[in-house]
Novice: 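Below: one structure in C-alpha cells.
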There are 2 protein chains.
Amino acid sequence: MEISNAELDVMQVIWRDHPASSAEIVARLDNKRWHEKTVKTFLSRLVKKGALTFEKEGRSYLYSPAISQQDYQLKESRSIISRLFNGRVSPLVAGFAKQSKLSKDDIEDLKQIIQDWEKNND
Amino acid sequence: MEISNAELDVMQVIWRDHPASSAEIVARLDNKRWHEKTVKTFLSRLVKKGALTFEKEGRSYLYSPAISQQDYQLKESRSIISRLFNGRVSPLVAGFAKQSKLSKDDIEDLKQIIQDWEKNND
DNA sequence: TTCTAAAGATTACGCCTGTAATCAAATTTG
DNA sequence: CAAATTTGATTACAGGCGTAATCTTTAGAA
C-alpha cells in the first residue's frame with residue numbers, strides 16, 4: 001500500500017490522535033493550505049488504499065489508522081535504505097555526521113542504541 | 001529535481017561508471033526486465049530533468065550524472081528523515097535496532113562515527 | 001547504391017497525485 | 001415546512017510514472 005506525500009501528512013495528524021472526524025482532521029491540517037475538499041479526497045483515497053478505517057457516527061465518519069505509525073516508519077526507512085545504501089544504515093548516519101546534522105542528543109541516543117545492542121548481541 | 005524509482009535504478013548504474021552509452025546502460029540494467037525503449041525513455045527524462053548530461057559521440061550519446069550520488073543520497077535521506085521522524089536520525093536507527101537489522105559492522109561504523117563526532121564537537 | 005538496422009525524438013496510454021468542484025442526501029436553521 | 005448547510009460520493013483535469021511503440025534520420029551491410 002503506497003501512501004503519497006500529501007496523504008502522509010493526513011496520516012500524521014490521524015496517528016497523533018484518533019479516531020477523528022473529517023472536520024477535526026481538516027482543522028488539524030490548517031497549516032497546510034488545502035481546501036477542505038482536498039483533504040476529503042485524501043481521506044477517501046486512504047480508505048480505499050486500506051491505510052485508514054472508519055466507523056460511522058451519525059452522518060459522518062470517524063477515521064482511524066489501519067497501519068501503525070511505527071510500522072509505516074520502519075517499512076519506509078527500510079525501503080529507502082535498501083534503495084539508496086544497499087541496506088546498510090550506517091552510511092546514512094555517516095552522511096548526516098558529515099553535514100553536521102547530528103546533535104548532542106542524537107549522539108546520546110546512538111550510544112544508548114549501541115549499548116542495548118551489545119547487551120543483547122555479545 | 002525529483003528522480004522516480006525506476007529512474008533511480010538507471011542513475012545507479014551510471015554513477016557506478018560513466019560516461020556510458022545508452023547501449024552500455026541498457027546492458028548494465030539487464031537484471032531489470034525493461035525493454036531497451038523503456039530505458040531510453042528514462043534516459044531522456046533524466047536529461048530533461050537535469051539529472052544527467054550527455055556529450056555526443058558520433059551518432060549516439062555518452063551520459064554522465066549531473067548530480068553526485070553522495071549529494072543525492074544526502075538530499076533523500078534528509079527528506080525522509082524530516083518527513084518521517086521530525087528531522088532526527090536516531091529514531092530511525094532505533095527502529096532498525098528493534099527489528100534486528102543492525103549488524104556487528106553497523107555497530108562498529110556507528111561507534112566510529114560517534115568517536116569522530118566527539119573529537120570535533122567536544 | 002539500395003536496404004536495413006540502430007539511435008534518439010516523439011507519441012501513446014492507463015494509473016497515480018495534487019487540487020479541487022459538483023452532486024446527492026441528510027440535517028440544521030429560520 | 002422550506003431553505004441553507006454539511007457530509008460523503010462522484011467527477012475533473014493536468015502533470016508524473018511505468019512501459020513501450022512508432023517515426024525520423026543516418027550509418028553500415030549487401
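This is a predicted model, so every value here is computed, not measured. Throughout, protein chains are lettered first and strands after them, A, B, ... in sequence-line order, and every chain is numbered starting at 1.
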Novice: Ignoring backbone atoms, test whether Ser22(A) places a side-chain nitrogen or oxygen under 4.0 Å from the OP1 or OP2 oxygen of dG8(D).
Specialist: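 So the side-chain polar atoms of Ser22(A) do come within 4.0 Å of the phosphate oxygens OP1 or OP2 of dG8(D), strictly under.
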Novice: May I ask you to decide whether Glu7(B) forms a salt bridge with Lys49(B), counting only side-chain N to carboxylate O separations under 4.0 Å?
Specialist: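 Result for this pair is yes, salt bridge flagged.
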Novice: To the nearest Å, give me how far apart CD (Glu2(A)) and C1' (dG16(D)) are.
Specialist: 15 Å
Novice: Separation of Met11(A) atom CE from dT17(C) atom P, in whole Å?
Specialist: 14 Å
Novice: Hey, which sits more toward the 5' end of DNA chain C by its nearest nucleotide, Thr41(B) or Arg33(A)?
Specialist: Thr41(B)
Novice: Atom CD1 of Ile3(A) and atom P of dC16(C): how far apart are they, to the nearest Å?
Specialist: 15 Å
Novice: Heavy atoms, side chains only, cut-off 4.5 Å: are Pro19(B) and Glu55(B) in contact?
Specialist: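 Result yes, sub-4.5 Å side-chain heavy-atom pair found.
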Novice: Can you check whether Tyr72(A) reaches Pro65(A) side chain to side chain, under 4.5 Å on heavy atoms?
Specialist: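 No, side chains not in contact.
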Novice: Give the nucleotide from the list dA25(C), dA7(C), dA21(D) with an atom nearest to the side chain of Glu36(B).
Specialist: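 In terms of side-chain proximity for Glu36(B), the closest of dA25(C), dA7(C), dA21(D) is dA7(C).
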Novice: 5'-most contact on DNA chain D: Arg45(A) or Leu62(A), nearest heavy atom basis?
Specialist: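 It is Leu62(A) whose nearest nucleotide is closer to the 5' end.
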Novice: Rounded to whole Å, please give me the gap between NZ in Lys49(A) and C1' in dC16(C).
Specialist: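 Rounded to the whole Å, the gap is 7 Å.
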Novice: Can you tell me if Asn86(B) has over 12 outside heavy atoms packed within less than 6.0 Å of its CG?
Specialist: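 At most 12 heavy atoms, drawn from other residues, nucleotides or ligands, come within 6.0 Å of this atom.
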Novice: Rounding to an integer number of Å, can you tell me how far Asn5(B) CG sits from dT19(D) P?
Specialist: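 My rounded result for the distance is 10 Å.
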Novice: If you check the His35(A) side chain, which of dA21(C), dA6(C), dA26(C) turns out closest?
Specialist: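 Minimum distance to the His35(A) side chain belongs to dA21(C).
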Novice: Which one, dT17(C), dT6(D), dG8(D), comes nearest to the side chain of Glu7(A)?
Specialist: dT17(C)
Novice: Rounding to a whole Å, what distance do you find between Lys37(A):NZ and dT7(D):P?
Specialist: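 Between P of dT7(D) and NZ of Lys37(A): 9 Å.
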Novice: Using the ring of each side chain (for Trp, its six-membered ring), is Phe54(A) parallel, tilted or perpendicular to Tyr61(A), with breaks at 30° and 60°?
Specialist: parallel
Novice: How long is the line joining CH2 of Trp34(A) and P of dA21(C), in whole Å?
Specialist: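 Distance, rounded to whole Å: 16 Å.
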Novice: Can you tell me if Tyr61(A) touches the phosphate of dA9(D), counting only side-chain N or O atoms and a distance under 4.0 Å to OP1 or OP2?
Specialist: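 Yes.
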Novice: So, OP1 or OP2 of dT10(C): does either fall under 4.0 Å of a side-chain N or O from Ser44(B)?
Specialist: no
Novice: Does the side chain of Ser60(B) get closer than 4.0 angstrom to OP1 or OP2 of dA6(C) through an N or O atom?
Specialist: no
Novice: Classify the nucleic acid contact of Thr38(A) as base, sugar-phosphate or nothing, counting any heavy atom under 4.0 Å across all strands shown.
Specialist: base
Novice: Distance check needed: dA21(D) P versus Lys40(B) NZ, whole Å only.
Specialist: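 For the pair Lys40(B) NZ and dA21(D) P, the rounded distance is 13 Å.
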